[in-house]
Undergrad: 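Before I ask anything, let me first share the structure, which is written out below as structure tokens.
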Amino acid sequence: MSIRVQNIVKRFGDFVALDDVTLDFPTGELVGLLGPSGCGKTTLLRIIAGLESADRGQVFLDGGDASSAHVRERQVGFVFQHYALFRHMNVFDNVAFGLRVKPRRRRPPESEIRRRVRELLELVQLDWLAERYPPQLSGGQRQRVALARALAVEPRVLLLDEPFGALDAKVRKELRRWLRQLHDRLHITSIFVTHDQEEALEVSDRVVLMNQGRVEQVGTPEQVYEQPSTPFVYGFLGAVNLFHGRIDGQHLQVGVENLSLGQHEFQVGAEALGFVRPHELEIDTDLAQGSGLEARVERVLTLGATTRVDLVGADHAAGRHYEVELPRDRITALGLVVGQRVRLKPARIRLFSPPRPTERTPCAPDGDLVGGYGENI
């Protein structure tokens, strides 16, 4: 089933949860709605499900206007973050619940219900726990039961609201890999909400980046990471070093120092924000080199084949923090020590114009490290 939301607006009092959102979700695609808390992700999901109504706009399911259709008529399966399992029912009865409460004329015979539940429990690899109760299960097992229950009614759309949010990091990683494999088998049009960047990029066919009720960018995981269209997207998808300066020919002038630029379309003298990923920054121990920004090594942390170097700006940029990721053998060759002064040289800088005062995109001051929700850290 294809889904289209068109010009959706939703307010809660004076708070604008969704501000004229239009999106298409093609049949069989797994789409991640990604953004910080309060950006409108869950509200949009609930409007698609029929659990909330929009103040303005329409929801189309397979081309038909379903804006006024009851939640039972939309053939949607919904998986909540906190499982919402019935504690007094065992696993088998939890999965069977949606089938058993169907109107009598649409309810399958009990033999068919039992067959369907057994198949689903095998699909989610929990058939051996059919007689256990939710308190006897791990968090990951409960979430798989919740997913099986949503699939039992044979939905044409599967909606998942922070499905792994209550789980620890290792279980989350295992379950998102399992969800991707499950989707590849079933090909149900699926939308899942998350604020975990790695989760969205790993699982989704496409990612929708949302910020304060608006869509910032839509694209494949590779597109949104490698070609972010706004400062917010750049800052939200992983750590990034942010430099605030002015264009001086083929350089970005940051204070009294310069960072080399490639081709760009900015005019000389224009203010610009320069974004550089940690793996795009090089460290030069030769301070006599004129280009680059001087910084002091604060910490060197080696994890596996990659080493992270935390630095703080020197002189005019004192107090500004930077992060560099380099191969382990490169760090060995540099011989860095805490307190050492070095120069930072970007291999690539992505330039953006600074946001106007009326714009709602959060950015950090020059030289600060941005990550997570696009805020200073």
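Heads up: numbering here begins at 1 and tracks the sequence.
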Undergrad: Would you mind writing out the side-chain donor-acceptor pairs for residues 326-339 within the sub-3.5 Å range, not counting sequence neighbours?
TA:
{"from": "R328", "atom 1": "NH1", "to": "G304", "atom 2": "O", "distance (Å)": "3.3"}
{"from": "R330", "atom 1": "NE", "to": "E282", "atom 2": "OE2", "distance (Å)": "3.3"}
{"from": "R330", "atom 1": "NH2", "to": "E282", "atom 2": "OE2", "distance (Å)": "3.2"}
{"from": "R330", "atom 1": "NH2", "to": "I283", "atom 2": "O", "distance (Å)": "3.4"}
{"from": "T332", "atom 1": "OG1", "to": "R328", "atom 2": "O", "distance (Å)": "3.1"}

Undergrad: Does the S67 side chain pair with the main chain of V59, one donor and one acceptor, at a distance under 3.5 Å?
TA: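 Yes, S67 side chain to V59 backbone: donor-acceptor pair under 3.5 Å.
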
Undergrad: Rounded to the nearest 0.5 Å, how far does OG of S2 lie from CG of D62?
TA: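 Reported to 0.5 Å precision, the distance equals 4.5 Å.
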
Undergrad: Roughly how far apart are L34 CG and L237 CG, rounded to 0.5 Å?
TA: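 Here the interatomic distance stands at 6.0 Å.
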
Undergrad: Without swapping roles, check the side chain of N94 against the backbone of L85 for a donor-acceptor pair under 3.5 Å.
TA: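 No, the answer is negative, given that no donor and acceptor are paired below the 3.5 Å cut-off.
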
Undergrad: Could you check R206 against V218 for side chain to side chain contact (heavy atoms under 4.5 Å, CB included), going step by step and ending with a plain yes or no?
TA: CA-CA 7 Å; R206 282 191 310 145; V218 181; 3.2 Å; yes

Undergrad: Checking the side chain of R74 only, and the main-chain atoms of A69 only, is there a donor and an acceptor separated by less than 3.5 Å?
TA: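 Between the backbone of A69 and the side chain of R74 there is a qualifying donor-acceptor contact (under 3.5 Å).
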
Undergrad: Please identify each residue that fulfils side chain to side chain donor-acceptor pair (under 3.5 Å) with D196, with sequence neighbours left out.
TA: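 Side chain to side chain donor-acceptor pair (under 3.5 Å) list for D196, sorted by chain: R172.
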
Undergrad: Can a donor-acceptor pair be found, under 3.5 Å and without considering hydrogens, that links the side chain of R72 to the backbone of K102?
TA: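 Not at all, since once roles are kept as given, no pair shorter than 3.5 Å links the two residues.
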
Undergrad: Quick one about Q58 and D65 (side-chain donor to acceptor, distance below 3.5 Å, no hydrogens or angles considered), yes or no?
TA: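 Their side chains do contain a donor-acceptor pair, which is all the 3.5 Å distance test asks for.
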
Undergrad: Are any of the side-chain heavy atoms of F243 and L293 separated by less than 4.5 Å?
TA: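 A side-chain contact exists here, since the closest heavy-atom pair is under 4.5 Å.
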
Undergrad: Does D284 have any salt bridge (Lys or Arg N to Asp or Glu O under 4.0 Å) partners at least two apart in sequence or in another chain, and if so, which?
TA: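 D284 satisfies salt bridge (Lys or Arg N to Asp or Glu O under 4.0 Å) with K345 once adjacent residues are dropped.
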
Undergrad: Check for me, please, whether F192 and V208 land in the same ILVMFWY cluster - side-chain distances under 4.5 Å, paths through other members count.
TA: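 No, F192 and V208 fall in different hydrophobic clusters.
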
Undergrad: Can a salt bridge be assigned to the pair E280 and R348 using a cut-off of 4.0 Å between side-chain N and carboxylate O?
TA: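 So E280 pairs with R348 through a salt bridge.
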
Undergrad: Among residues at least two apart in sequence or on other chains, which ones pass side chain to side chain donor-acceptor pair (under 3.5 Å) with R180?
TA: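 Partners of R180 by the side chain to side chain donor-acceptor pair (under 3.5 Å) criterion, ordered by chain and then number, come out as H183, D184, D205.
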
Undergrad: For the pair H264 (side chain) and F266 (backbone), establish whether a donor and an acceptor sit closer than 3.5 Å, ignoring hydrogens and angles.
TA: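 Answer holds: yes.
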
Undergrad: Show me the donor-acceptor pairs within less than 3.5 Å that the side chains of residues 41-52 make with the rest of the protein, sequence neighbours left out.
TA:
{"from": "K41", "atom 1": "NZ", "to": "G35", "atom 2": "O", "distance (Å)": "2.9"}
{"from": "K41", "atom 1": "NZ", "to": "P36", "atom 2": "O", "distance (Å)": "3.1"}
{"from": "T42", "atom 1": "OG1", "to": "D161", "atom 2": "OD1", "distance (Å)": "2.9"}

Undergrad: Do the non-hydrogen side-chain atoms of F92 and V145 ever get within less than 4.5 Å of each other?
TA: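 Side chain of F92 against side chain of V145, heavy atoms only: no contact under 4.5 Å found.
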
Undergrad: Roughly how far, to the nearest 0.5 Å, is the OG1 atom of T22 from the CD atom of Q6?
TA: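 Reported to 0.5 Å precision, the distance equals 5.5 Å.
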
Undergrad: Minimum heavy-atom separation for L120 to A152, with atom names?
TA: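 For L120 and A152, the tightest heavy-atom pair comes out as CD1-CA, 3.3 Å.
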
Undergrad: Search all heavy atoms of V207 against all heavy atoms of P221 and return the closest pair with its distance.
TA: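 Heavy-atom minimum between the residues: CG2-CG, 4.2 Å.
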
Undergrad: For the pair Q75 (side chain) and E154 (backbone), establish whether a donor and an acceptor sit closer than 3.5 Å, ignoring hydrogens and angles.
TA: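 No: the side chain of Q75 does not pair with the backbone of E154.
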
Undergrad: Report yes or no: is the cationic atom of R277 (NZ for Lys, CZ for Arg) under 6.0 Å from the centre of the six-membered ring of Y225, at an angle within 45° of the ring normal?
TA: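 Checked: cation-pi criterion met.
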
Undergrad: With a sphere of 6.0 Å drawn around CZ of R107, does it hold more than 12 non-hydrogen atoms of other residues, nucleotides or ligands?
TA: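 Yes, because the 6.0 Å sphere around CZ of R107 holds more than 12 heavy atoms from other groups.
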
Undergrad: Are L151 and L159 co-members of a hydrophobic cluster defined by side-chain heavy atoms under 4.5 Å apart?
TA: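 No; tracing contacts between hydrophobic side chains, which count when under 4.5 Å, never links both residues.
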
Undergrad: Under a 4.0 Å threshold between the charged nitrogen and the carboxylate oxygen, would D20 count as salt-bridged to R214?
TA: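 Not counted as a salt bridge, because no side-chain N and carboxylate O are separated by less than 4.0 Å.
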
Undergrad: Is R246 salt-bridged to D248, cutoff N-O under 4.0 Å?
TA: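 No, no charged N to carboxylate O under 4.0 Å.
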
Undergrad: Assess whether a salt bridge exists between E112 and R116, defined as any Lys/Arg side-chain N lying under 4.0 Å from an Asp/Glu carboxylate O.
TA: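 Looking at R116 together with E112, the answer is no, because their closest N to O distance does not fall below 4.0 Å.
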
Undergrad: So, taking the atom named CZ in R343 and the one named CG in L259, what distance separates them when rounded to the nearest 0.5 Å?
TA: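 With rounding to 0.5 Å, CZ (R343) is 10.0 Å from CG (L259).
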
Undergrad: Quick check: closest heavy atoms across S260 and S291, and the distance to 0.1 Å?
TA: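 It is OG-CB, 4.2 Å.
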
Undergrad: Can you find a pair of side-chain heavy atoms, one from V342 and one from L311, that are under 4.5 Å apart?
TA: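 Touching, per the 4.5 Å side-chain cut-off.
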
Undergrad: Determine, stepwise, if the pair V157 / I188 fulfils side chain to side chain contact (heavy atoms under 4.5 Å, CB included).
TA: CA-CA 6 Å; V157 173; I188 297 174; 5.5 Å; no

Undergrad: Could you go through residues 121-136 and list every donor-acceptor pair under 3.5 Å that involves a side-chain atom there, pairing it with any protein atom two or more places apart or in another chain?
TA:
{"from": "W128", "atom 1": "NE1", "to": "Q125", "atom 2": "O", "distance (Å)": "3.3"}
{"from": "E131", "atom 1": "OE1", "to": "N90", "atom 2": "ND2", "distance (Å)": "3.3"}
{"from": "Q136", "atom 1": "OE1", "to": "Y133", "atom 2": "N", "distance (Å)": "2.8"}

Undergrad: Between E199 and T194, do the side chains contain a donor N or O and an acceptor N or O under 3.5 Å apart?
TA: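 Checked: T194/E199 side chains pair up, N/O donor to acceptor below 3.5 Å.
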
Undergrad: OG1 of T220 to CD of E222: how many Å apart, nearest 0.5 Å?
TA: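 If we round to the nearest 0.5 Å, T220:OG1 and E222:CD are 6.0 Å apart.
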
Undergrad: Start with the C-alpha gap between F236 and V224, add the side-chain angles, then the distance that decides, and say whether side chain to side chain contact (heavy atoms under 4.5 Å, CB included) holds.
TA: CA-CA 10 Å; F236 191 84; V224 297; over 6 Å; no

Undergrad: Specify the closest pair of heavy atoms between E202 and R176, including all atoms of both residues, with the distance to one decimal.
TA: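 Scanning both residues completely, I find the closest heavy atoms to be OE1-NE, 3.1 Å.
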
Undergrad: Mind checking whether F78 and F80 have ring centres under 6.0 Å apart?
TA: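 Yes.
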
Undergrad: Given side chain to side chain contact (heavy atoms under 4.5 Å, CB included), test T307 with L301 step by step and report yes or no.
TA: CA-CA 6 Å; T307 296; L301 178 64; 5.8 Å; no

Undergrad: Is it possible for you to say whether V254 and L261 belong to one hydrophobic cluster, with membership spreading through side-chain heavy-atom contacts below 4.5 Å?
TA: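 V254 clusters together with L261.
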
Undergrad: So which heavy atom on L281 is nearest to which on E323, and how close?
TA: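 Between these two residues, the closest heavy atoms are CD1-O, 4.0 Å.
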
Undergrad: Hey, is the main chain of G313 close enough, under 3.5 Å, to the side chain of R320 for a donor-acceptor pair?
TA: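 Checking the backbone N and O of G313 against the side chain of R320, no donor-acceptor pair under 3.5 Å is found.
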
Undergrad: Considering the options Q223, E216, Q217, which one meets the side-chain hydrogen bond (donor to acceptor under 3.5 Å, both in side chains) requirement together with S229?
TA: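 Result for side-chain hydrogen bond (donor to acceptor under 3.5 Å, both in side chains) with S229: Q217.
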
Undergrad: Hydrophobic clustering (ILVMFWY, side-chain heavy atoms < 4.5 Å, transitive) - are L33 and L158 grouped together?
TA: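 They do not share one cluster, since no chain of ILVMFWY contacts under 4.5 Å joins L158 to L33.
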
Undergrad: Grab the two heavy atoms, one from I8 and one from G57, that are nearest each other, plus how far apart they are.
TA: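 Shortest heavy-atom contact: CD1-C, 3.8 Å.
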
Undergrad: Tell me, do L160 and V193 make a side-chain contact under 4.5 Å, heavy atoms counted?
TA: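 L160 vs V193: side chains apart.
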
Undergrad: What I'd like to find out is whether the side chain of Q253 reaches to under 4.5 Å of the side chain of E257, using heavy atoms alone.
TA: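 The answer is no, as the side chains (C-beta and beyond) never meet within the 4.5 Å cut-off.
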
Undergrad: Within a 6.0 Å radius of atom CZ on R100, are there more than 12 heavy atoms belonging to other residues, nucleotides or ligands?
TA: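 Yes - once you tally the heavy atoms of other residues, nucleotides and ligands closer than 6.0 Å, there are more than 12.
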
Undergrad: Give a yes or no on whether the backbone of V9 and the side-chain of R56 come within a donor-acceptor separation of less than 3.5 Å.
TA: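 Here the side-chain-to-backbone pair does not exist.
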
Undergrad: Within a strict 4.5 Å, meaning less than it, do heavy atoms of the E294 and L344 side chains meet?
TA: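 They are not in side-chain contact.
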
Undergrad: Report yes if some heavy atom in the side chain of I191 is under 4.5 Å from a heavy atom in the side chain of F25; otherwise report no.
TA: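 Yes; the side chains approach each other to less than 4.5 Å.
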
Undergrad: Check the hydrophobic clustering (I, L, V, M, F, W, Y; side-chain heavy atoms under 4.5 Å; chains of links allowed) and say if L209 and L18 are grouped together.
TA: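 As far as the 4.5 Å side-chain criterion goes, L18 and L209 are not connected within one cluster.
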
Undergrad: Taking S190 for the side chain and L30 for the main chain, is one N or O donor matched with an acceptor at less than 3.5 Å?
TA: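 No, because the side chain of S190 does not come within donor-acceptor range (under 3.5 Å) of the backbone of L30.
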
Undergrad: Does any non-hydrogen side-chain atom of R149 lie less than 4.5 Å from one of F86?
TA: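 A side-chain contact exists here, since the closest heavy-atom pair is under 4.5 Å.
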
Undergrad: What do you reckon, are the aromatic ring centroids of F232 and F352 less than 6.0 Å apart?
TA: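 No: the rings miss the under 6.0 Å criterion.
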
